[in-house]
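So that the names make sense, note that chain A is the first sequence line, chain B the second, and so on, each numbered from 1.
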2 protein chains.
Amino acid sequence: MAGVRAQQKMKTRQALIAAAFNQLSAEHSFSNLSLREVAREAGIAPTSFYRHFKDMNELGLTMVDEAGLTLRQLMRQARRRIASGGSVISTSVLTFMEFIDNQPNQFRLLLRERSGTSKAFRSAVAREIKHFILELAHYLEGETQCDSHHAYMQAEAMVTIVFTSGAEALDLEGQSREELVERLQWQLRYISFGGYHYAQKNSK
Amino acid sequence: MAGVRAQQKMKTRQALIAAAFNQLSAEHSFSNLSLREVAREAGIAPTSFYRHFKDMNELGLTMVDEAGLTLRQLMRQARRRIASGGSVISTSVLTFMEFIDNQPNQFRLLLRERSGTSKAFRSAVAREIKHFILELAHYLEGETQCDSHHAYMQAEAMVTIVFTSGAEALDLEGQSREELVERLQWQLRYISFGGYHYAQKNSK
DNA sequence: TATTTTAGCGTACACTTGTACGCTGAGATT
DNA sequence: AATCTCAGCGTACAAGTGTACGCTAAAATA
């Protein structure tokens with residue numbers, strides 16, 4: 001019961017996903033990908049694509065899931081680093097920047113399809129980002145004892161800013177990138193401080 | 001010297017631009033547009049397109065400029081409203097939401113091409129948004145006497161959040177949209193308050 | 001061992017795309 | 001009035017697209 005067959009199928013399925021991610025770049029978004037080119041890079045005939053996915057859309061949604069998974073692993077990693085004594089803000093930012101450097105195409109997918117042309121994609125990405133926000137909100141709530149609604153809004157604002165800065169970071173290197181990170185950290189402090197203030201005020 | 005000729009040319013040029021904007025929608029982004037379809041809607045032969053633009057790219061950049069212009073007019077309008085006694089935050093948010101309702105496709109263009117597949121587009125959009133940020137930063141600097149670097153970072157964070165909320169607003173209506181606006185306003189208050197605090201602290 | 005299942009292939013087809021090329025006729029210029 | 005300019009057209013083509021259909025061989029099942 002080795003399942004030689006199923007194993008091989010999984011392998012080319014992964015090859016398709018890998019090929020698709022690989023064809024994403026600064027100049028190539030998901031909607032630019034063609035079934036035929038993806039199949040070609042994965043080493044199968046165009047028509048064999050359908051043995052794995054009904055559609056390019058189905059492939060894409062799978063890719064969003066994969067990127068979401070990476071994002072969650074990232075969060076866990078950041079939490080570990082913070083727990084072992086890192087500054088919250090700079091550790092989080094650093095971790096996120098590593099994500100962008102290591103998996104730029106996963107990030108690009110989330111970034112672009114968040115406001116892309118398919119509602120299914122937009123919802124899928126929104127769902128992944130919401131996980132991210134909720135995690136952060138939960139953390140903030142525990143840490144600062146503010147009410148949960150304020151914690152959520154604070155987390156949402158932070159994630160928004162981190163994401164957008166990530167997008168800009170994709171086009172930058174070296175000095176100007178460090179400046180970006182610096183700005184981002186200040187902006188997070190603004191939100192943190194302001195959020196703390198209003199949450200306190202409101203809880204009275 | 002009526003310039004009948006030039007006048008007519010301008011007219012079909014505008015028809016092309018209008019057709020292109022019209023074909024943008026939630027399900028259709030600029031890179032999905034085809035030269036032929038745009039020409040068809042504008043009522044000219046595909047090959048006549050080249051009498052006006054070298055490229056679809058050139059058309060697109062023109063469209064970004066136009067959207068940027070709208071954005072600047074918007075700012076002026078918001079300033080007038082504030083000057084005549086409106087709350088800064090709620091007036092700004094309201095004005096921006098009007099933009100999204102009135103010119104959703106101009107907004108979509110800026111939103112998507114900001115992280116799109118053409119560097120030229122990304123830079124063009126970034127330039128327009130930078131105007132927006134600088135205007136706001138200037139206003140904040142004058143209003144709160146904080147140092148200009150902090151004012152800039154504050155403005156940048158605000159614009160980022162407003163833009164992203166705008167993107168979400170495109171998919172929402174009624175109740176949930178009002179909730180979004182409510183959240184957005186809180187988030188802006190966070191930044192405003194936090195920004196004020198750090199700017200003060202730093203200027204000593 | 002005989003039978004069924006299925007991942008992958010090749011061919012074929014109907015479309016759509018961008019754009020090269022040369023023509024025309026109505027304004028502009030002289 | 002004679003000439004020039006040029007916005008718009010029609011034809012044509014090569015390239016690329018998604019996918020329907022039927023085949024094959026190897027793995028799975030009986």
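Checked by atom type, the side-chain pair A:E27/B:T117 shows no donor-acceptor distance below 3.5 Å.
For the pair A:H52 NE2 and D:dT19 C1', the interatomic distance rounds to 16 Å; values are reported in whole Å. For the pair A:R5 CZ and C:dT6 C1', the interatomic distance rounds to 4 Å; values are reported in whole Å. Taking atom CE of B:M10 as the reference point, atom P of C:dG27 lies 19 Å away to the nearest angstrom. Residue B:E37 contributes atom CD, which lies 13 Å from atom C1' of C:dG18 at whole-angstrom precision. For A:R51 and C:dG10, the CZ to P distance is 14 Å, given to the nearest whole Å. The OH-P distance, from B:Y50 to D:dG10, rounds to 17 Å in whole Å. The nearest whole Å value for the distance from the NZ atom in B:K9 to the P atom in D:dC9 is 14 Å. At whole-Å resolution of the value, CD in A:Q23 and P in D:dT17 are 10 Å apart.
When each of A:P46 and A:R36 is assigned the nucleotide of DNA chain C bearing its nearest heavy atom, the one mapping closer to the 5' terminus is A:P46.
Considering only side-chain atoms of A:T47, the nucleotide from C:dG8, C:dG27, D:dA20 that sits closest is D:dA20. You'll find that the side chain of A:R40 is closest to D:dT17, out of D:dC9, C:dG27, D:dT17.
Atom CZ of A:F21 is separated from atom CG of A:L109 by 5.5 Å, given to the nearest 0.5 angstrom.
Using a cutoff of 4.0 Å between basic side-chain nitrogens and carboxylate oxygens, B:E168 and B:R177 are not scored as salt-bridged.
Under 4.0 angstrom from either OP1 or OP2 of D:dC9 there lies at least one side-chain N or O belonging to B:S48.
Checking A:R80, A:R79, A:R81 one by one against A:T95, the side-chain hydrogen bond (donor to acceptor under 3.5 Å, both in side chains) holds for a single residue, A:R81.
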